[in-house]
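Accompanying notes for the structure given below.
Please read these numbers as outputs of a predicted model, since none were measured by experiment.
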Amino acid sequence: MASSGCISAAANISLMGTGQAHNRDSSWVGFGFRGSELPGRHLRIPLAKCSRARKDGGRLKVLCIDYPRPELENTVNFLEAAKLSASFRSGARPAKPLKVVIAGAGLAGLSTAKYLADAGHQPILLEGRDVLGGKVAAWKDEDGDWYETGLHIFFGAYPNVQNLFGELGINDRLQWKEHSMIFAMPNKPGEFSRFDFPEALPAPINGIWAILKNNEMLTWPEKIKFAIGLLPAMAGGQPYVEAQDGLTVKEWMRKQGVPDRVTEEVFIAMSKALNFINPDELSMQCILIALNRFLQEKHGSKMAFLDGNPPERLCMPIVDHVRSLGGEVMLNSRVKTIELNTDGTVKSFLLNNGTKMEGDAFVFATPVDVLKLLLPESWQGIPYFQRLEKLVGVPVINVHIWFDRKLKNTYDHLLFSRSPLLSVYADMSVTCKEYYNPNQSMLELVFAPAAEWISRSDEDIIDATMKELAKLFPDEIAADGSKAKVLKYHIVKTPRSVYKTIPNCEPCRPLQKSPIEGFYLAGDYTKQKYLASMEGAVLSGKLCAQAIVKDYDMLSSRARRREAETEATAIA
């Protein structure tokens, strides 16, 4: 084992900073809620905090154990992603760099800027909030503790994300955990069921072995019926997977003769983890793509946690890289209007502060809901943009709870709660080096589905969460607070998170190059093979940058014509 990281569990998913003076508007949804801030509260209960062990003149010293980084570099997907990354660095340098204005500094916008800078161009990245990261944003409260937009897991089957970490020289910031998937057992409070992937076996045998060895969640007849149901997907490959977009998970399972109990035992938890909705809404294509990615690679489903808060540990290295190559990153720069030329192309992004950002090309790397609100009227009849109406962000809530003691019934891993209200959770005081605390636990939980709860008060949400935790930790947590005491909590709401992957969405996902000359899109909702995920966001940024690089001759010609017209106007 490698000595780095921490000892235990985690994940990420919501939006909206909380706290008395810490209300935040969503960087990914902020354009859509101009002039408002989403509600959030920070509860503090007077109770002495346990001190952290400190050495070396008061500096916190954390010694933890994580698993070594798996061998990912020889997989087909990793090599394909590496080849795309290399193409930006090895291509011919532009005679004159393009100035590309990008709205949104989430992973999609950051990725777009990074690879454009690698190709020799000048990205100008605009972020509406005062924090980087979009859906991976995080804030620090008055105690110095971080609370995040959501629980984020980095999988081995994320080749573009893994390449990005390597290109930035920050591979050591991922804390790899044992190759397992761990589910709570609602019928056995306080107990867990594990799917352990043997290191000695190749894919997909290691995944099949993990399923066959687990006899606590599915019976042998149920396993056999599920395996038979999956045979068409294995035989039909990607064309078959794409053809299942019209069915929900529940519909597909029943069509294949898979017992409902399989859906209830496994796929409710998986559906909520993938898209924050239940199997009766989620497109089966989403599940099949995830299974395909996880099972085709030996380490595809192996999980890692970032060793600290995402804005500093992941986003800032990208910003530093972009700036080192001549690009710019501007916070508190919210786009108010997309201003057009007489021919319908983009003239500038008008910011809330009155600044007009002009460029040779323009990118919208915000959530789809934000884009739809700011679409110029003359574009709204174009089929490319009309199809976006089907794509709508899903609500999700992220809950952070600090307790007065160390909870024992946790693992150094992401845990699937199998609760009707909670999706996944982790004890971040164990899984994450920066959040490590030997005396207290901080649970980070994803509250989903959240559509019926997003407008509820923080008190209602925390009360419901504590009732569910009392079932997961019956010996340690009581809903009435008579056992482990809550020191404080933060609730982060995301009214519009990743796009809701319901049936028949796939044809509506747009290519990164729009029909408007010089205007491009990036975001996990755009066309790429990893759906609504961090990997999808990063890949969308690379594909967006690739489209702009390919259009260099056209874009530079437009820039020259614009300059000539400006000079002629000035002379006249």
Do NZ/NE/NH1/NH2 and the carboxylate oxygens of [X] and [Y] come within less than 4.0 Å?
X	Y	answer
Glu506	Lys527	yes
Glu127	Arg334	no
Asp307	Arg313	yes
Arg323	Glu328	no
Lys99	Glu563	no
Lys356	Glu339	yes

Asp458 and Ile462: side-chain contact (heavy atoms from CB on, under 4.5 Å), yes or no, with the steps?
-> CA-CA 6 Å; Asp458 289 357; Ile462 201 69; over 6 Å; no
Tell me if the centroids of the rings in [X] and [Y] come within less than 6.0 Å of each other.
X	Y	value
Phe362	Phe349	yes
Tyr489	Trp402	no
Phe305	Phe154	no

Take Arg558 and Asp360 through the test salt bridge (Lys or Arg N to Asp or Glu O under 4.0 Å) and record every step on the way to the result.
-> CA-CA 8 Å; Arg558 289 181 71 244; Asp360 303 315; over 6 Å; no
Please report the C-alpha distance between Glu312 and Asn309 in whole Å, then the side-chain angles of each, then the deciding distance to 0.1 Å, and finally whether the side chain to side chain donor-acceptor pair (under 3.5 Å) criterion is met.
-> CA-CA 6 Å; Glu312 291 181 351; Asn309 73 89; 3.1 Å; yes
Please confirm whether the backbone N or O of [Y] pairs with a side-chain atom of [X], one donor and one acceptor, at under 3.5 Å?
X	Y	answer
Thr112	Ala108	yes
Arg509	Gln528	yes
Lys372	Leu391	yes
Asp343	Thr345	yes
Ser556	Tyr552	yes
Ser348	Leu350	no
Tyr530	Ser540	no
Asn275	Tyr499	yes
Ser283	Thr501	no
Gln512	Gly541	no

Could you tell me which residues satisfy side chain to side chain donor-acceptor pair (under 3.5 Å) with [X], sequence neighbours excluded, listed by chain and number?
X	result
Ser533	none
Tyr158	none
Glu389	none
Gln238	Glu242

Sub-4.5 Å side-chain heavy-atom contact between [X] and [Y]:
X	Y	value
Val363	Cys544	yes
His400	Val492	yes
Phe519	Phe364	yes
Glu148	Val136	no

Taking the inter-plane angle between the rings of Tyr147 and His490 on a 0 to 90° scale, is it parallel (under 30°), tilted (30 to 60°) or perpendicular (over 60°)?
->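 Parallel: the ring planes of Tyr147 and His490 meet at under 30°.
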Should the pair Phe88 and Tyr115 be assigned to parallel (<30°), tilted (30 to 60°) or perpendicular (>60°) ring geometry?
->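 Aromatic pair Phe88/Tyr115 classed tilted.
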Show your working on side chain to side chain donor-acceptor pair (under 3.5 Å) between Ser87 and Gln546 and close with a plain yes or no.
-> CA-CA 9 Å; Ser87 69; Gln546 182 185 52; 5.3 Å; no
Within this structure, what is the [atom1]-[atom2] distance for the pair [X] and [Y], rounded to the nearest 0.5 Å?
X	Y	atom1	atom2	value
Trp379	Leu371	CH2	CG	8.0 Å
Arg456	Asp463	CZ	CG	10.0 Å
Lys500	Leu282	NZ	CG	10.5 Å
Lys542	Leu84	NZ	CG	4.5 Å
Asn77	Asn160	CG	CG	9.0 Å
Tyr425	Thr465	OH	OG1	13.0 Å

Mind running side-chain contact (heavy atoms from CB on, under 4.5 Å) on Glu167 and Arg89 for me, showing each step along the way?
-> CA-CA 11 Å; Glu167 292 159 25; Arg89 301 188 297 270; 4.0 Å; yes
Trace of the side-chain contact (heavy atoms from CB on, under 4.5 Å) decision for Cys432 with Leu306 = CA-CA 7 Å; Cys432 177; Leu306 193 62; over 6 Å; no
Identified side chain to side chain contact (heavy atoms under 4.5 Å, CB included) counterpart of Leu331 within the set Leu126, Val131, Val319, Leu132 =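 Looking at Leu126, Val131, Val319, Leu132, the match for Leu331 under the side chain to side chain contact (heavy atoms under 4.5 Å, CB included) is Leu132.
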Row check, Phe165 ring normal vs Arg173 NZ/CZ: under 6.0 Å, within 45° |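 Here Arg173 fails the 6.0 Å and 45° test against Phe165.
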Is atom NZ of Lys347 surrounded by more than 12 heavy atoms (other residues, nucleotides or ligands) closer than 6.0 Å?
->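 No, because the 6.0 Å sphere around NZ of Lys347 holds 12 heavy atoms or fewer from other groups.
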Partners passing salt bridge (charged side-chain N to carboxylate O under 4.0 Å, His left out) against Asp245 (at least two apart in sequence or in another chain) |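 Testing Asp245 for salt bridge (charged side-chain N to carboxylate O under 4.0 Å, His left out), a comparison that skips the adjacent residues, returns none.
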Which pairs, with at least one residue in residues 75-85 and sequence neighbours excluded, count as a salt bridge (charged side-chain N to carboxylate O under 4.0 Å, His left out)?
->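 The answer is Glu80-Lys529.
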